[in-house]
Visitor: 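Sharing a structure with you now.
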Amino acid sequence: MKRTSYPRSVTRSFKVATVASIATAGLLWASMQQGRTLRTSQALRELPSTARAVLRIDTRALERSAAARTLIEAFVAEEQLSEIQTICGLDPLAALSEATMWVRGPADQPFQSIGLMLRGRAADASTLVECHRLLVEARGGSIVRLEGPPGPVVASRDGRSAIAVLDDRTIVTGSVRTVTELMAVRRGTVPALSERPRMATLWPRVNAGASVAAALEPPKHWKAALERVATLGDQASAMQGLRSIGLSVQSGSTQTLVVYIDVDDADLAAQGATVIRAWAMSPPKSVQVPWTDVVRSARVQVRERTIVVTLDVSSLAEAR
């Protein structure tokens, strides 16, 4: 067979083009990965370091995730959603693209107050601010405008309920102190949650690809209480040496959620996993229906010093 030879300049151009194409593809992939990482870790940069617990709900993903909808319905009172719909004329889940709630406080009062950051989908920031005013007035209160270094805040006269606009689609609400603290984080004058090592490690793991994600770093006295509650008979606690707890419902999940329990070392993780498996075989009497079915569904793994528990929550929907 006759071989065709090409001039060296053509061969060199082909090699350069191939290398350039591979480099471009690599840059695009790296950019996409960086974008995912930034989105996954966004709450760490936006929330204050005083946040002890964080819950994020991607309301758009709820449409594709039966497990996430079931979990929200189990914990969010229907009357709260109905009040917003009645007074503001908004369906909260349809009006929002994302809701992030956090519990904040100093070391001696770690659960002092709650903050809520809302990003609009069918509603913009001005519509959400107006809804806040209507809710305050419906409860017999009135609002005032406050000016401070972080920026303007609209608040109830007692200071217990405040709201501020972060951009044309995003608002933050909570007490005056909670709202101004988050605004100060955005200005770079107050430390962000990314400076808390355990939350900074746990949050990206539970938030990646999730429609619902939650993380808790309990204070010392809570850890002791949780260890006692999680004891099975005379056996060791499932949460001995507890450091943090995470929860994740992946987008599109039909019936499962995953719980991450971080403890001090691998031996304690193996010990805790044994206790949880025993619960799955025979749920404690304190667990009520339909949660007994959830406990029985537990599939337990150990990854170094983390206990990973996968649960089927479909029974919660069937019980409603």
Side-chain angles (χ1 to χ4, degrees), residues 35-77 80-81 84 91-105 110-111 113-123 125 128 163-164 166-167 169-174 178-179 181-183 185-186 192-218 244-253 256-262 308 311 313:
R36 291 191 186 100
T37 300
L38 290 173
R39 288 192 296 275
T40 298
S41 304
Q42 189 170 10
L44 296 175
R45 302 187 302 275
E46 293 181 327
L47 300 182
S49 62
T50 56
R52 305 290 170 169
V54 181
L55 168 68
R56 187 193 67 84
I57 304 169
D58 181 346
T59 57
R60 294 166 298 186
L62 291 181
E63 299 169 357
R64 307 186 301 273
S65 178
R69 288 197 304 274
T70 298
L71 194 65
I72 296 304
E73 290 169 358
F75 287 102
V76 179
Q80 292 179 323
L81 300 179
I84 295 173
D91 177 347
L93 297 183
L96 302 173
S97 64
E98 185 175 283
T100 302
M101 183 179 74
W102 71 101
V103 184
R104 61 158 302 281
F111 299 104
S113 58
I114 295 173
L116 186 62
M117 183 163 52
L118 304 173
R119 288 192 169 90
R121 175 171 41 162
L128 298 175
I163 193 168
L166 302 180
D167 58 45
R169 285 277 165 186
T170 312
I171 59 97
V172 57
T173 183
T178 299
V179 170
E181 183 180 49
L182 181 131
M183 295 171 71
V185 171
R186 292 171 67 91
L193 188 56
S194 56
E195 298 189 23
R196 294 266 299 285
R198 289 179 185 169
M199 291 293 275
T201 299
L202 176 61
W203 183 251
R205 186 171 20 162
V206 300
N207 191 39
S211 53
V212 176
L216 166 67
E217 185 181 349
S244 59
I245 302 173
L247 180 150
S248 180
V249 178
Q250 289 294 297
S251 296
S253 174
T256 60
L257 67 88
V258 182
V259 180
Y260 299 85
I261 305 170
D262 285 341
V308 182
L311 300 168
V313 297

Visitor: Considering non-hydrogen atoms only, spot the tightest contact between S194 and A200 and give its length.
Guide: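 So the minimum-distance heavy-atom pair works out to O-CB, 3.7 Å.
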
Visitor: So does A123 get a backbone contact from the side chain of R169, meaning a donor-acceptor N/O pair under 3.5 Å?
Guide: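 Here the side-chain-to-backbone pair exists.
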
Visitor: For T178, give me all partners under side chain to side chain contact (heavy atoms under 4.5 Å, CB included), at least two apart in sequence or on another chain.
Guide: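 For T178 the side chain to side chain contact (heavy atoms under 4.5 Å, CB included) partners, ignoring immediate neighbours, are W102, R104, S113, S175.
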
Visitor: Please name the residue in the list T59, L55, N207 that meets the side chain to side chain contact (heavy atoms under 4.5 Å, CB included) test with V212.
Guide: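 One option only clears the test, and that one is L55.
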
Visitor: So, the side chain of S211 versus the backbone of V249: is there a donor-acceptor pair under 3.5 Å, distance only?
Guide: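 Answer holds: yes.
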
Visitor: For a quick test of your reading: what N or O donor-acceptor pairs under 3.5 Å do the side chains of residues 91-101 make, sequence neighbours left out?
Guide:
residue, atom, partner, partner atom, Å
D91, OD1, L93, N, 3.3
S97, OG, R119, O, 3.3
E98, OE1, R56, NH1, 3.3
E98, OE2, R119, NH1, 3.0

Visitor: Which residues pass the side chain to side chain contact (heavy atoms under 4.5 Å, CB included) test with R196, not counting sequence neighbours?
Guide: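 Scan of R196 (side chain to side chain contact (heavy atoms under 4.5 Å, CB included), adjacent residues dropped) gives S49, R52, L193, M199, E217.
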
Visitor: Distance check, rounded to the nearest 0.5 Å: I163 atom CD1 versus L128 atom CG?
Guide: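 Here the rounded value is 6.5 Å.
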
Visitor: Taking all non-hydrogen atoms of both residues, which atom of V179 and which atom of A164 are closest, and how far apart?
Guide: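 Shortest heavy-atom contact: CG1-CB, 3.7 Å.
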
Visitor: Residues two or more places apart in sequence or in another chain: which of them pass side chain to side chain contact (heavy atoms under 4.5 Å, CB included) with V259?
Guide: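 For V259, the residues satisfying side chain to side chain contact (heavy atoms under 4.5 Å, CB included) (neighbours in sequence not counted) are I245, L257, I261, V309, L311.
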
Visitor: With sequence neighbours excluded, tell me which residues meet side chain to side chain contact (heavy atoms under 4.5 Å, CB included) with S248.
Guide: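 Once residues adjacent in sequence are excluded, the partners of S248 under the side chain to side chain contact (heavy atoms under 4.5 Å, CB included) criterion are V206, A210, Q250, Y260.
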
Visitor: What I'd like to find out is whether the side chain of V185 reaches to under 4.5 Å of the side chain of E46, using heavy atoms alone.
Guide: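 Answer no - side chains too far apart.
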
Visitor: Name all residues meeting the salt bridge (charged side-chain N to carboxylate O under 4.0 Å, His left out) criterion together with R198; count only those two or more places apart in sequence or in a different chain, and write none if there are none.
Guide: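 Per chain and number, R198 pairs via salt bridge (charged side-chain N to carboxylate O under 4.0 Å, His left out) with no residue.
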
Visitor: Compare all side-chain heavy atoms of D262 with those of L202 and state whether any distance is below 4.5 angstrom.
Guide: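 The answer is yes; the side chains approach within 4.5 Å.
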
Visitor: Give the intermediate values and the outcome of side chain to side chain contact (heavy atoms under 4.5 Å, CB included) for residues I171 and L166.
Guide: CA-CA 5 Å; I171 59 97; L166 302 180; 6.0 Å; no

Visitor: Flag the pair L118 / T170 as yes when at least one side-chain heavy-atom distance between them is below 4.5 Å, and no otherwise.
Guide: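 They are not in contact (no side-chain heavy atoms under 4.5 Å apart), so the answer is no.
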
Visitor: Answer yes or no: is there a side-chain heavy-atom contact under 4.5 Å between M117 and L47?
Guide: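 In contact.
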
